[in-house]
Student: 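Following this message is one structure expressed as structure tokens.
As the structure is a prediction and not an experimental result, all values here were calculated from the model. Residue numbering restarts at 1 for every chain, and letters A, B, ... go by the order of the sequence lines.
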Number of protein chains: 2
Amino acid sequence: MAGMNAKADKISDLTINRLSVYLRCLHELWAEGARTISSQGLADRFNLNSAQIRKDLAYFGEFGVRGLGYNIEELRNHLIKILGLDRPHNVGVLGAGNLGNALANYDGFSPGKFSVVALFDTDPGKIGRRLPSGVEVHNMDEFASIASELAIDIVAIAVPARVAEAALDAVVDAGIKAVLNFAPIRLQGRPGVKINHVDLLVSLEGLSHFLSIRPMLAHASAASDE
Amino acid sequence: MAGMNAKADKISDLTINRLSVYLRCLHELWAEGARTISSQGLADRFNLNSAQIRKDLAYFGEFGVRGLGYNIEELRNHLIKILGLDRPHNVGVLGAGNLGNALANYDGFSPGKFSVVALFDTDPGKIGRRLPSGVEVHNMDEFASIASELAIDIVAIAVPARVAEAALDAVVDAGIKAVLNFAPIRLQGRPGVKINHVDLLVSLEGLSHFLSIRPMLAHASAASDE
DNA sequence: AATTGTGAATTCCTTCACAGCC
DNA sequence: GGCTGTGAAGGAATTCACAATT
């Protein structure tokens with residue numbers, strides 16, 4: 001049990017999110033025929049500092065070669081491992097409304113790594129429906145048994161805000177540890193459960209704020225990106 | 001022109017995003033019949049420090065009353081003003097795929113503040129279609145004229161990654177200054193244009209990472225929330 | 001007595017700058 | 001010579017703690 005690669009410790013979400021971005025970039029570079037890349041080369045692709053990339057990677061091991069940079073295939077494999085993408089993840093979507101359906105049909109998830117395997121709803125009119133993709137809408141009451149049957153390990157909450165907390169209770173009770181919340185509400189954290197928020201209203205209101213101060217920025221230089 | 005309320009200056013996105021969350025909470029409190037709230041009362045609703053809330057608000061003025069807290073209606077009006085929600089915003093959606101359609105039909109945006117008024121696509125098979133909501137799918141070539149006609153001030157990019165950069169060019173050329181990007185790609189910033197990213201893959205991979213380190217956290221305390 | 005607004009302290013994150021290695 | 005890995009410096013965001021105010 002001698003720790004070979006330091007993991008878990010206290011690595012920030014910011015770092016993890018960037019690893020995700022690096023990985024995506026490595027896929028592109030590989031497709032372009034590149035086989036090696038320097039931290040500076042990666043940094044140029046986004047608006048990042050090369051030291052930041054090196055630091056991010058260094059949390060997990062020494063993946064580079066001094067004087068040469070990083071081997072793309074090797075680094076890619078490391079990142080896949082670190083991000084837990086070396087095994088598939090089955091996603092259950094709560095709420096078969098517009099958003100839930102879009103998620104179930106969305107094919108933008110990296111090929112094969114994340115699959116939406118079931119929708120859940122409480123509306124009898126929706127239960128039993130089957131999407132073009134073959135995914136079925138189940139009764140929310142059956143969440144626990146179906147989640148276990150289909151090996152669901154990630155849940156996306158796409159229900160109205162007022163029932164989101166109750167929905168979270170149900171999935172946490174069923175042993176789910178990873179949740180992606182789309183409901184416009186700040187869900188109370190549960191111990192041992194990771195909740196990532198996708199909050200469209202917050203994002204839109206950030207843009208709205210920007211538009212309202214923009215006239216005041218007038219001649220001054222205006223900033224951009226996230 | 002004596003600056004009555006200090007705005008714009010250098011306020012971080014983190015602060016602006018929290019204002020959005022506070023505002024949502026004020027709506028709820030108001031609906032519950034509350035008429036006044038302390039920073040501590042607000043802080044208890046999320047996992048926040050009360051000093052943070054006071055600091056966030058203090059950037060924009062002195063809205064509270066010592067000893068009493070904040071008047072909910074008054075603070076709400078201030079936040080609405082600060083976030084530019086005192087006038088409506090028209091959103092154009094690029095890409096009439098699953099995600100684009102879901103956005104166009106999504107009614108979760110705060111009542112009336114943001115309206116999706118048009119979809120745009122390059123696929124002749126989709127152009128001309130009209131959604132149940134009445135929103136029409138236009139030819140992307142006509143973006144500039146229709147955006148101006150419909151007074152679109154915010155664009156959501158929901159096209160495949162490989163054409164996202166070109167799509168951004170088109171909207172920026174048409175004078176759009178605020179963009180919500182759903183494509184899994186880090187768009188290059190443009191001067192004077194604010195781009196917010198909603199990156200589902202990054203969010204999912206963050207969850208995947210958490211699941212893969214979770215077994216190692218074992219008996220140790222496991223953390224949560226975003 | 002209660003609660004704000006805020007300087008000071010702290011913690012967290014990023015960038016610099018360079019020793020170490022290929 | 002070029003590039004990584006990293007200690008040290010710098011900067012940003014958060015939290016503390018308390019004087020000011022009602």
Student: One thing to verify: whether B:Arg190 and B:Glu165 come together as a salt bridge, which I'm taking to mean a side-chain N less than 4.0 angstrom from a carboxylate O.
Tutor: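 A salt bridge links B:Glu165 with B:Arg190.
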
Student: Can you measure A:Leu42 atom CG to D:dG2 atom C1' for me and round it to whole angstrom units?
Tutor: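 Distance check: A:Leu42 CG to D:dG2 C1' gives 16 Å.
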
Student: Where do N or O atoms of nucleotides 8-13 of chain C meet protein N or O atoms at under 3.5 Å, pair by pair?
Tutor:
{"residue": "C:dA8", "atom": "N6", "partner": "B:Lys55", "partner atom": "NZ", "Å": "3.4"}

Student: Looking at the side chain of A:Ala58, which of C:dG5, D:dT15, D:dG5 is the nearest nucleotide?
Tutor: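 The nucleotide sitting nearest to the side chain is D:dG5.
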
Student: To the nearest Å, how far apart are A:Phe60 CZ and D:dT6 P?
Tutor: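 Distance, rounded to whole Å: 14 Å.
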
Student: To the nearest Å, how far apart are A:Asn49 CG and D:dG10 P?
Tutor: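 In whole Å, D:dG10 P and A:Asn49 CG are 16 Å from each other.
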
Student: Determine the minimum heavy-atom distance between B:Ala161 and B:Ala183, stating which atoms define it.
Tutor: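 That closest heavy-atom pairing would be CA-CB, 4.2 Å.
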
Student: With respect to the side chain of A:Ser39, which nucleotide from D:dC16, C:dC16, D:dT4 is positioned closest?
Tutor: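 Ranking D:dC16, C:dC16, D:dT4 by closest atom to the A:Ser39 side chain puts D:dT4 first.
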
Student: Measure the distance from CZ on A:Phe63 to P on D:dG5 and round it to the nearest whole Å.
Tutor: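 It works out to 9 Å between those atoms.
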
Student: How close or far is atom P of C:dT15 from atom CG of A:Leu48, stated in whole angstroms?
Tutor: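 Value for this atom pair: 7 Å.
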
Student: How many whole angstroms separate atom CD1 of A:Ile53 from atom C1' of D:dT6?
Tutor: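 From A:Ile53 CD1 to D:dT6 C1': 16 Å.
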
Student: State, yes or no, whether a side-chain contact exists between B:Leu79 and B:Asn77 at a heavy-atom distance under 4.5 Å.
Tutor: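 Result no, sub-4.5 Å side-chain heavy-atom pair not found.
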
Student: Any side-chain N or O of B:Tyr70 less than 4.0 Å from the OP1 or OP2 oxygen of C:dG5?
Tutor: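 For B:Tyr70, the contact criterion (side-chain N or O under 4.0 Å from OP1 or OP2 of C:dG5) is met.
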
Student: Rounded to the nearest Å, what distance is computed from the OH atom of residue B:Tyr59 to the P atom of nucleotide C:dG7?
Tutor: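 To the nearest whole Å, that distance equals 12 Å.
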
Student: The criterion is salt bridge (charged side-chain N to carboxylate O under 4.0 Å, His left out); which residues satisfy it with B:Glu28, sequence neighbours excluded?
Tutor: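 Checked B:Glu28 against salt bridge (charged side-chain N to carboxylate O under 4.0 Å, His left out); matches are B:Arg45.
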
Student: List in chain and number order the residues that pass salt bridge (charged side-chain N to carboxylate O under 4.0 Å, His left out) with B:Glu73, two or more places apart in sequence or in another chain; answer none if no residue qualifies.
Tutor: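 For B:Glu73, no residue satisfies salt bridge (charged side-chain N to carboxylate O under 4.0 Å, His left out) once neighbours in sequence are set aside.
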
Student: Starting at atom CD of A:Glu74, determine the distance to atom C1' of D:dT4, rounded to an integer number of angstrom.
Tutor: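 One finds 13 Å between C1' of D:dT4 and CD of A:Glu74, rounded.
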
Student: With distance as the sole criterion, is a donor-acceptor pair present between the side chains of A:Ser20 and A:Arg24 under 3.5 Å?
Tutor: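 No, because no side-chain N or O of A:Ser20 sits under 3.5 Å from a partner of the opposite role on A:Arg24.
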
Student: With B:Asp56, which residues qualify under salt bridge (charged side-chain N to carboxylate O under 4.0 Å, His left out), at least two apart?
Tutor: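 If we apply the salt bridge (charged side-chain N to carboxylate O under 4.0 Å, His left out) test to B:Asp56, skipping adjacent residues, the hits are B:Arg18.
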
Student: Which pairs, protein N/O on one side and nucleotides 19-22 of chain C N/O on the other, fall under 3.5 Å?
Tutor:
{"residue": "C:dG20", "atom": "N3", "partner": "A:Arg66", "partner atom": "NH1", "Å": "3.2"}
{"residue": "C:dC22", "atom": "O4'", "partner": "A:Arg66", "partner atom": "O", "Å": "3.2"}

Student: Keeping the roles fixed (side chain from A:Ser203, backbone from A:Asp199), state whether a donor-acceptor pair exists under 3.5 Å.
Tutor: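 Checking the backbone N and O of A:Asp199 against the side chain of A:Ser203, a donor-acceptor pair under 3.5 Å is found.
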
Student: Throw together a table of side-chain donor-acceptor distances under 3.5 angstrom for residues 111-120 of chain A, partners on residues two or more places apart or in other chains.
Tutor:
{"residue": "A:Lys113", "atom": "NZ", "partner": "A:Leu85", "partner atom": "O", "Å": "3.3"}

